[in-house]
Amino acid sequence: MNSSNSLWIAILVVWIAGSTWWHVCKIKLLCPLPSANAIAEAVPEIPPLSITDGESLALTSPHNFSFARSGNKADISKVGTEIDSVAGYLRRFPDKRIVLTGLYADDEINTTSWPNLGIARAEDVKAYYVNKGFQPSVFITKGFPSEDLTFIGDSLWGGIEYAFTDALTLTENSLAEQQKFEGIFKPLDLYFNTGSVSYIRTDDNERFLEEALLFLSQNKNKKLLLTGHTDNVGSPADNMQLSMERAESVKEMLAESGIPAEQISVDAKGQTQPKVSNDTPEGQAANRRVSIVVSD
């Protein structure tokens with residue numbers, strides 16, 4: 001059999017198979033259809049809404065926020081009850097603060113004036129509460145890209161995450177984030193959440209310690225100086241002791257991270273060197289710190 005005949009036989013077989021399928025499936029409708037369950041399984045499920053704050057608040061809904069693809073306006077029509085319950089919770093606990101995190105996909109287009117679409121979405125939810133009479137300072141907005149988002153058609157379902165904190169913790173974290181690394185010979189302050197003996201870690205103070213560790217390993221005659229400070233609550237003698245204990249706790253942590261203990265020096269100033277006035281809770285928080293610097 002020559003190649004020409006083989007080609008025509010192959011074309012004939014394909015034509016017969018196609019004709020048979022068309023006659024059976026399209027004319028007589030004898031081919032099985034996809035089951036309803038299979039069709040339903042192909043449609044993503046809407047992620048349920050969950051807003052919690054420890055044991056104090058637990059709100060759930062089978063529905064969620066929705067946004068148009070590349071849009072920042074939140075549709076809360078299906079979760080209005082839960083969103084309003086958060087407002088009631090804030091009125092009962094006025095010291096609470098909320099971190100609203102908006103999410104977005106990398107292929108979405110940000111047409112807003114905000115740095116990214118996630119922040120724009122969080123700001124829109126924040127505006128809802130501000131319109132109900134809450135101060136903007138009650139809310140902190142963030143935005144992050146996410147690969148785990150649910151799009152159904154042209155709508156994003158979810159896209160907003162809630163996290164709760166209190167005003168004092170927020171102040172302390174904000175103070176820690178404000179400390180910027182300018183070099184190991186420039187003092188930098190470490191801050192602590194209330195009741196915690198571990199300082200709040202940030203990219204800048206981690207960079208400081210990395211650079212200091214390298215420098216000290218090459219200069220055995222240099223030291224890292226830790227100076228403890230307090231606010232003015234309590235007696236001067238107690239605060240002096242407290243500031244020393246806090247500096248010593250940081251020394252222990254840094255020694256465990258690799259800085260030789262003999263190259264870490266501690267000092268205590270108690271309440272004698274406040275950065276700002278102690279007249280407000282925020283000022284007191286700013287004064288509860290341990291200063292670090294590389295020194296001779």
Side-chain angles (χ1 to χ4, degrees), residues 51-57 86 89-90 93-103 114-116 118-123 125-126 129-130 134-146 160-182 186-212 226-233 239 242-243 245-247 249-254 257 271 273-293:
I51 303 174
T52 61
D53 183 21
E55 298 181 355
S56 301
L57 179 70
V86 173
Y89 182 70
L90 290 174
F93 300 95
D95 288 335
K96 290 289 182 179
R97 300 293 182 265
I98 297 181
V99 180
L100 293 170
T101 301
L103 305 175
W114 296 103
N116 62 60
I119 293 178
R121 286 169 172 163
E123 284 287 336
V125 176
K126 170 183 172 180
Y129 291 106
V130 172
F134 292 96
Q135 292 298 315
S137 58
V138 174
F139 306 89
I140 303 90
T141 56
K142 299 181 179 181
F144 294 103
S146 175
I160 292 291
E161 295 178 347
Y162 281 69
F164 291 82
T165 185
D166 58 70
L168 186 56
T169 298
L170 180 60
T171 297
E172 291 161 340
N173 281 279
S174 176
L175 288 166
E177 291 291 345
Q178 290 171 16
Q179 294 295 299
K180 299 303 178 184
F181 174 76
E182 298 180 28
K186 174 79 171 180
L188 183 145
D189 290 328
L190 304 177
Y191 286 95
F192 302 74
N193 285 327
T194 301
S196 174
V197 296
S198 300
Y199 66 87
I200 300 167
R201 297 179 185 271
T202 69
D203 290 341
D204 283 86
N205 61 39
E206 290 294 283
R207 183 183 171 193
F208 181 105
L209 294 174
E210 290 172 3
E211 297 283 348
L226 306 174
T227 305
H229 302 269
T230 69
D231 57 26
N232 64 348
V233 177
N239 284 333
L242 176 60
S243 64
E245 291 175 355
R246 184 156 279 175
S249 72
V250 175
K251 175 181 178 179
E252 182 178 346
M253 293 168 60
L254 297 184
S257 72
Q271 65 189 56
Q273 294 183 0
K275 287 179 69 173
V276 296
S277 170
N278 280 297
D279 291 341
T280 66
E282 291 77 15
Q284 291 171 349
N287 292 325
R288 295 191 295 267
R289 69 201 192 277
V290 171
S291 177
I292 57 175
V293 68

Are Phe164 and Tyr89 an aromatic pair by the rule of ring centers under 6.0 Å?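 Yes.
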Run the ring-centre check on Tyr129 versus Phe139 and record whether the distance is less than 6.0 Å.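 Yes, ring centres under 6.0 Å apart.
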Can you name the closest pair of heavy atoms from [X] and [Y] and give their distance?
X: Ile119; Y: Gly143; answer: CG1-N, 3.4 Å
X: Gly228; Y: Ala247; answer: N-CB, 3.9 Å
X: Ala285; Y: Thr171; answer: CB-CG2, 4.0 Å

Are the side chains of Ile140 and Ile98 in touch, meaning some heavy atoms are under 4.5 Å apart? no
Flag the pair Val138 / Leu90 as yes when at least one side-chain heavy-atom distance between them is below 4.5 Å, and no otherwise. yes
How far does [atom1] of [X] sit from [atom2] of [Y], to the nearest 0.5 angstrom?
X: Thr227; Y: Leu190; atom1: OG1; atom2: CG; answer: 11.0 Å
X: Thr165; Y: Glu172; atom1: OG1; atom2: CD; answer: 9.0 Å
X: Leu57; Y: Thr52; atom1: CG; atom2: OG1; answer: 7.5 Å
X: Gln273; Y: Thr230; atom1: CD; atom2: OG1; answer: 11.0 Å
X: Asp204; Y: Glu177; atom1: CG; atom2: CD; answer: 8.0 Å
X: Arg121; Y: Asn116; atom1: CZ; atom2: CG; answer: 10.0 Å

When Tyr199 is tested against each of Asp189, Ile292, Asn205 for side-chain contact (heavy atoms from CB on, under 4.5 Å), which residue passes? Asn205
Determine, stepwise, if the pair Thr202 / Glu206 fulfils side chain to side chain donor-acceptor pair (under 3.5 Å). CA-CA 6 Å; Thr202 69; Glu206 290 294 283; over 6 Å; no
Backbone of [Y] reached by a side-chain donor or acceptor of [X] within 3.5 Å:
X: Asp53; Y: Ser56; answer: no
X: Gln284; Y: Asn278; answer: yes
X: Ser257; Y: Leu254; answer: yes
X: Tyr162; Y: Val99; answer: no
X: Asn287; Y: Pro274; answer: no

Run the numbers on Thr141 and Glu123 for side chain to side chain donor-acceptor pair (under 3.5 Å), then give the verdict. CA-CA 6 Å; Thr141 56; Glu123 284 287 336; 2.7 Å; yes
Does Lys186, at its NZ atom, have more than 12 non-hydrogen atoms belonging to other residues, nucleotides or ligands within less than 6.0 Å?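 No - once you tally the heavy atoms of other residues, nucleotides and ligands closer than 6.0 Å, there are 12 at most.
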Strictly below 4.0 Å, N to O, side chains only: are Glu161 and Lys142 in salt-bridge contact? no
Does Asp166 come within less than 4.0 Å of Arg97, counting only side-chain N to carboxylate O? no
Using side-chain contact (heavy atoms from CB on, under 4.5 Å), reason through Val86 and Ile51 one step at a time and then give a plain yes or no. CA-CA 8 Å; Val86 173; Ile51 303 174; 4.0 Å; yes
Ser277 and Asp279 side chains, donor-acceptor separation under 3.5 Å: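 Ser277 and Asp279 do have a side-chain donor-acceptor pair below 3.5 Å.
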Hydrogens and angles aside, do Asn232 and Gln271 bring a side-chain donor and acceptor to less than 3.5 Å of each other? no
Is there a side-chain contact (heavy atoms from CB on, under 4.5 Å) between Phe208 and Gln179 once you walk through the steps? CA-CA 11 Å; Phe208 181 105; Gln179 294 295 299; over 6 Å; no
Using side-chain contact (heavy atoms from CB on, under 4.5 Å), reason through His229 and Arg288 one step at a time and then give a plain yes or no. CA-CA 6 Å; His229 302 269; Arg288 295 191 295 267; over 6 Å; no
Looking at Phe192, is Arg246 sitting on its ring face, NZ or CZ under 6.0 Å from the six-membered ring centre and within 45 degrees of the normal? yes
Let's go through Glu211 and Phe181 carefully: what are the C-alpha distance in whole Å and the side-chain angles of both, what is the deciding distance for side-chain contact (heavy atoms from CB on, under 4.5 Å) to 0.1 Å, and is it a yes or a no? CA-CA 10 Å; Glu211 297 283 348; Phe181 174 76; 3.8 Å; yes
